[in-house]
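First the structure, in the form of structure tokens, and then the observations on it.
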Amino acid sequence: LKFVCVSNDGTDEHMVWLIGLKNIFARQLPNMPKEYIVRLVMDRNHKSVMVIRCNQVVGGITYRPYVSQKFGEIAFCAITADEQVKGYGTRLMNHLKQHARDVDGLTHFLTYADNNAVGYFVKQGFTKEIYLEKERWHGYIKDYDGGILMECKIDPKLPYTD
Ligand code: ACO
């Protein structure tokens, strides 16, 4: 089992993983247009943290780091159907936080959570209260109805992974 963070850099192996992740998102997020999922997963401004087991994608999170604003926007998050509620979603989020802090220099995450995923995000430390000053994110992330804006502060020191 491994956790990787990849973007569309033209590497064959990364492309295969990104396509696998795109397929999981398409299935797990049926309200999202498939073209929109493909566009963001393959967009070079986005990165994806993935769980890989036996060279198969188990799930992942696609996000866009806004390095100058020090926050990241989570676009999609999903674990494949038969592997949900086994702890992968939590480990994935911890790897994302560690990578975003140590590699991108981010301090916060924002996401529009689906109603049924709010419980998962709350368990990962997200709140419906937005403490981040509006000037830091307004105009960067697009308004999206059908979701609840949630925020997570990344701890500056905590070791999120072992
Ligand atoms: N609602 C409430 N609680 C949840 C949910 C949920 N939908 N999913 C998991 N949890 C809880 C678990 O019970 C667990 O609680 P515990 O620590 O008290 O035992 C905790 O959250 C973590 O569970 P994991 O096993 O780590 O979560 P999992 O691997 O299943 O991943 C995820 C969670 C990503 C939401 C997965 O269930 C999934 O892919 N769901 C379908 C797609 C989806 O809804 N994605 C999010 C959409 S919003 C967005 O993408 C921005």
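Source: prediction; values computed, not measured. Computed over heavy atoms, backbone and side chain alike; hydrogens, waters and symmetry mates excluded. In listed order, ligands and their atoms are each counted from 1.
Within the 4.0 Å heavy-atom criterion, both parts of Ile79, backbone and side chain, lie near ligand 1. At a 4.0 Å heavy-atom cut-off, ligand 1 does not touch Arg91 at all. Only backbone heavy atoms of Phe76 (N, CA, C or O) come within less than 4.0 Å of ligand 1; its side chain stays farther off.
Per-residue contacts place Tyr112 under 4.0 angstrom from the following atoms of ligand 1 (heavy atoms of the residue considered): 51 (C). Under a 4.0 Å criterion applied to the non-hydrogen atoms of Tyr88, ligand 1 contributes the atoms 26 (O), 29 (O). Near Ala75, with a cut-off below 4.0 Å to any heavy atom, the atoms of ligand 1 are 51 (C). Ligand-side atoms of ligand 1 in range of Ala117: 44 (O), 46 (C), 47 (C), range being under 4.0 angstrom from any heavy atom. When each atom of ligand 1 is checked for a heavy atom of Leu29 under 4.0 Å away, the hits are 42 (C), 43 (C), 45 (N), 47 (C). Close contacts between ligand 1 and Asp114 involve ligand atoms 47 (C), 48 (S) [criterion: under 4.0 Å to a heavy atom]. Applying the 4.0 Å criterion to heavy atoms of Gly119 picks out, from ligand 1, the atoms 2 (C), 3 (N). Less than 4.0 angstrom separates some heavy atom of Gln84 from each of these atoms of ligand 1: 30 (O), 36 (C), 37 (O), 38 (C), 39 (O), 40 (N), 41 (C).
Phe109 has its ring centre less than 6.0 Å from the ring centre of Tyr63. With ring centers used as reference points, His108 lies 6.0 Å or more from Phe71.
At least one N or O atom of Cys77, backbone or side chain, sits closer than 3.5 Å to an N or O atom of ligand 1. The distance criterion of under 3.5 Å between nitrogen or oxygen atoms is not met by Glu83 with respect to ligand 1. An N or O contact shorter than 3.5 Å is missing between Gln28 and ligand 1 by distance. Distances between N or O atoms of Lys123 and those of ligand 1 include at least one value under 3.5 Å. Taking only nitrogen or oxygen atoms, main chain and side chain alike, Phe121 does not reach within less than 3.5 Å of ligand 1. Checked against a 3.5 angstrom limit, the closest N/O atoms of Thr111 and ligand 1 fall outside it.
Hydrophobic clustering, with ILVMFWY side chains joined whenever heavy atoms are under 4.5 angstrom apart, keeps Ile61 apart from Val38. Phe126 and Leu149 fall into different hydrophobic clusters, defined by Ile, Leu, Val, Met, Phe, Trp and Tyr side-chain heavy atoms under 4.5 Å apart, directly or through other members. Ile24 and Trp17 fall within the same hydrophobic cluster, where Ile, Leu, Val, Met, Phe, Trp and Tyr residues are linked whenever their side-chain heavy atoms come under 4.5 Å apart, directly or through other members. Residues Leu18 and Leu40 share a single hydrophobic cluster, defined by chaining ILVMFWY side chains whose heavy atoms lie under 4.5 Å apart.
Other residues, nucleotides and ligands place no more than 12 heavy atoms under 6.0 Å from the CG atom of Asp12.
The existence of a salt bridge linking Lys70 and Asp104 is excluded, since no basic side-chain nitrogen approaches an acidic carboxylate oxygen closer than 4.0 Å.
Arg91 and Tyr160 form no side-chain donor-acceptor contact under 3.5 Å, judged by distance and modelled atom types alone. No side-chain N or O of Ser7 forms a donor-acceptor pair with one of Asp9 less than 3.5 Å apart.
With respect to atom 8 (N) of ligand 1, the closest heavy atom belonging to the protein is Tyr120 CB, 3.9 Å. Here the protein heavy atom with the shortest distance to atom 1 (N) of ligand 1 is Asn116 O, 3.2 Å. Of the protein's heavy atoms, Thr90 OG1, 4.0 Å lies nearest to atom 23 (O) of ligand 1. Residue, atom and distance of the protein heavy atom nearest to atom 29 (O) of ligand 1 are Gly89 N, 2.8 Å. Distance from atom 30 (O) of ligand 1 to its nearest protein heavy atom, with residue and atom name: Val85 N, 2.6 Å.
You'll find the side chain of Val122 reaches within 4.5 Å of the side chain of Met150, heavy atoms only.
The minimum heavy-atom distance between Cys77 and Leu29, with the atom names listed, is O-CD2, 4.3 Å.
Without hydrogens or angle criteria, Glu73 side chain to Arg64 main chain gives no donor-acceptor distance under 3.5 Å. Between the side chain of Thr111 and the backbone N or O of Ile74, at least one donor-acceptor pair lies under 3.5 Å.
Assignment of Gly59 to the shell around ligand 1 is not supported, since no heavy atom sits closer than 4.0 Å.
There is a protein heavy atom closer than 4.0 angstrom to atom 25 (O) of ligand 1.
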